[in-house]
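Protein chains get the first letters and strands the later ones, always in sequence-line order, with residue 1 at the start of each.
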There are 2 protein chains.
Amino acid sequence: MPMRRMTRQRRAVMEVLKSTRSHPDAAWIYQEVKKRVPSISLGTVYRTLDALVKEGKVIALHTGGATRYDAFTHPHAHLVCTACGRVEDLELELPHLLEKAQAQNPAVRLDAVRLTFEGLCADCAQNRLEG
Amino acid sequence: MPMRRMTRQRRAVMEVLKSTRSHPDAAWIYQEVKKRVPSISLGTVYRTLDALVKEGKVIALHTGGATRYDAFTHPHAHLVCTACGRVEDLELELPHLLEKAQAQNPAVRLDAVRLTFEGLCADCAQNRLEG
DNA sequence: CTATGTGCAAAGTGTTTGCAAATTT
DNA sequence: AAATTTGCAAACACTTTGCACATAG
């Protein structure tokens with residue numbers, strides 16, 4: 001299990017990720033972290049993100065295109081806007097999905113849920129009405 | 001909207017996809033379709049899959065790594081096995097997730113749900129107990 | 001006949017990796 | 001000092017695209 005040491009790079013990646021709710025990808029995180037640690041490389045960003053995901057400190061979202069990362073790990077639903085590509089959090093109580101699914105499928109072992117909706121974010125839904 | 005014409009290639013891609021429940025990726029579909037239409041190219045497979053997804057005949061699953069495709073479009077949950085990478089269907093009644101989420105988030109427009117669990121498939125869960 | 005789809009190969013993204021140098025513990 | 005992590009650049013895996021030819025309608 002990699003990334004045991006607390007380096008400046010690692011701290012900066014974690015702080016940048018905690019500072020936003022925009023579900024950024026590695027390239028965006030890299031640009032932000034460079035403002036604090038100019039020498040950092042994109043490779044290090046990827047390695048750090050991998051480690052954080054494996055440790056459960058960060059969630060990886062596969063939504064098509066680049067992987068997005070989310071430091072808010074409490075189970076919640078996402079909306080992927082099919083018009084602008086934005087990913088936002090959705091208000092929705094997840095009704096014990098993991099427990100229910102586990103009970104109905106005893107042969108498998110469920111560790112995590114990802115609930116993702118496709119549709120239009122508030123801005124794009126609004127623009128659709130106007131335009 | 002592309003792919004209005006029913007070509008041999010398109011028919012073969014659709015048939016191959018309907019014949020499996022393994023949620024294959026483009027490379028696998030390409031190999032299978034080549035058995036029926038040897039001249040087909042990987043580019044055509046990608047273009048055809050894109051079209052089928054846009055038409056709603058096929059669902060694209062983004063699970064990390066290559067995009068996987070599913071011709072079974074009735075809403076259902078998936079399990080991505082973190083040990084072997086397999087993607088299987090899960091027994092689980094989706095309790096009107098789309099309607100509930102839409103009601104709680106009136107400003108956005110929800111078109112589709114993707115419910116994905118991470119964990120161990122039956123085989124890998126079993127092997128874990130033995131090994 | 002004409003518009004659309006195909007095959008090919010080259011180019012584009014996003015991500016991973018080997019290695020020597022730097023850093024953490 | 002020892003072990004881990006970094007930066008760099010090259011390699012990779014997956015997907016998209018331009019174009020001349022083929023084909024469905």
Using whole Å, what does the distance between atom [atom2] of nucleotide [N] and atom [atom1] of [X] come to?
X: A:Met6; N: D:dA3; atom1: CE; atom2: C1'; answer: 17 Å
X: B:Lys34; N: C:dT6; atom1: NZ; atom2: C1'; answer: 15 Å
X: B:Asp50; N: C:dG5; atom1: CG; atom2: P; answer: 13 Å
X: A:Leu42; N: D:dT5; atom1: CG; atom2: C1'; answer: 16 Å
X: B:Arg11; N: C:dT6; atom1: CZ; atom2: P; answer: 12 Å
X: A:Arg10; N: D:dT6; atom1: CZ; atom2: P; answer: 9 Å
X: A:Tyr30; N: C:dG14; atom1: OH; atom2: P; answer: 15 Å
X: A:Leu49; N: C:dG14; atom1: CG; atom2: P; answer: 15 Å

Between [X] and [N], does any side-chain N or O lie under 4.0 Å from OP1 or OP2?
X: B:Thr7; N: D:dT23; answer: no
X: B:Thr44; N: C:dG7; answer: yes
X: B:Thr67; N: D:dT15; answer: yes
X: A:Tyr46; N: C:dT15; answer: yes
X: B:Arg5; N: C:dT4; answer: no
X: A:Ser41; N: D:dC8; answer: no
X: B:Gln9; N: C:dG7; answer: yes

Inset, instruction - Look only at the side chain of B:Asn105 and the backbone of A:Glu91, and say whether a donor-acceptor pair between them is shorter than 3.5 Å. - result: yes
Inset, instruction - Output yes when a side-chain donor or acceptor of A:Arg68 lies under 3.5 Å from a complementary backbone atom of A:His23, and no otherwise. - result: yes
Legend entry - Other residues, nucleotides, ligands: >12 heavy atoms within 6.0 Å of A:Arg36 CZ: yes
Inset, instruction - Could you tell me whether B:Lys100 atom NZ has more than 12 heavy atoms of other residues or ligands within 6.0 Å of it? - result: yes
Legend entry - Bending between helix ends of the helix from C:dC1-D:dG25 to C:dT25-D:dA1 [5 pairs per end, 10° resolution]: 50°
Inset, instruction - Mind checking the SG-CZ spacing from A:Cys121 to A:Arg86? Nearest 0.5 Å is all I need. - result: 4.0 Å
Inset, instruction - Find out whether B:His62 and A:Thr116 are in side-chain contact, i.e. whether some heavy atom of one side chain is under 4.5 Å from a heavy atom of the other. - result: no
Inset, instruction - Answer yes or no: is there a side-chain heavy-atom contact under 4.5 Å between B:Arg10 and B:Leu52? - result: yes
Inset, instruction - Return the orientation label for the B:His78 and B:His76 ring planes: parallel under 30°, perpendicular over 60°, tilted otherwise. - result: perpendicular
Side chain of [X] - closest among [options]:
X: B:Ala26; options: C:dT4, D:dT15, D:dT4; answer: D:dT15
X: B:Ser39; options: D:dT16, C:dG7, C:dT4; answer: C:dG7
X: A:Arg8; options: D:dT6, D:dT15, C:dT24; answer: C:dT24

Legend entry - Sugar-phosphate only, base, or nothing, as touched by B:Asp25 at under 4.0 Å among non-hydrogen atoms: nothing
Legend entry - Check: C:dG7 base within 3.5 Å donor-acceptor of B:Arg47 side chain: yes
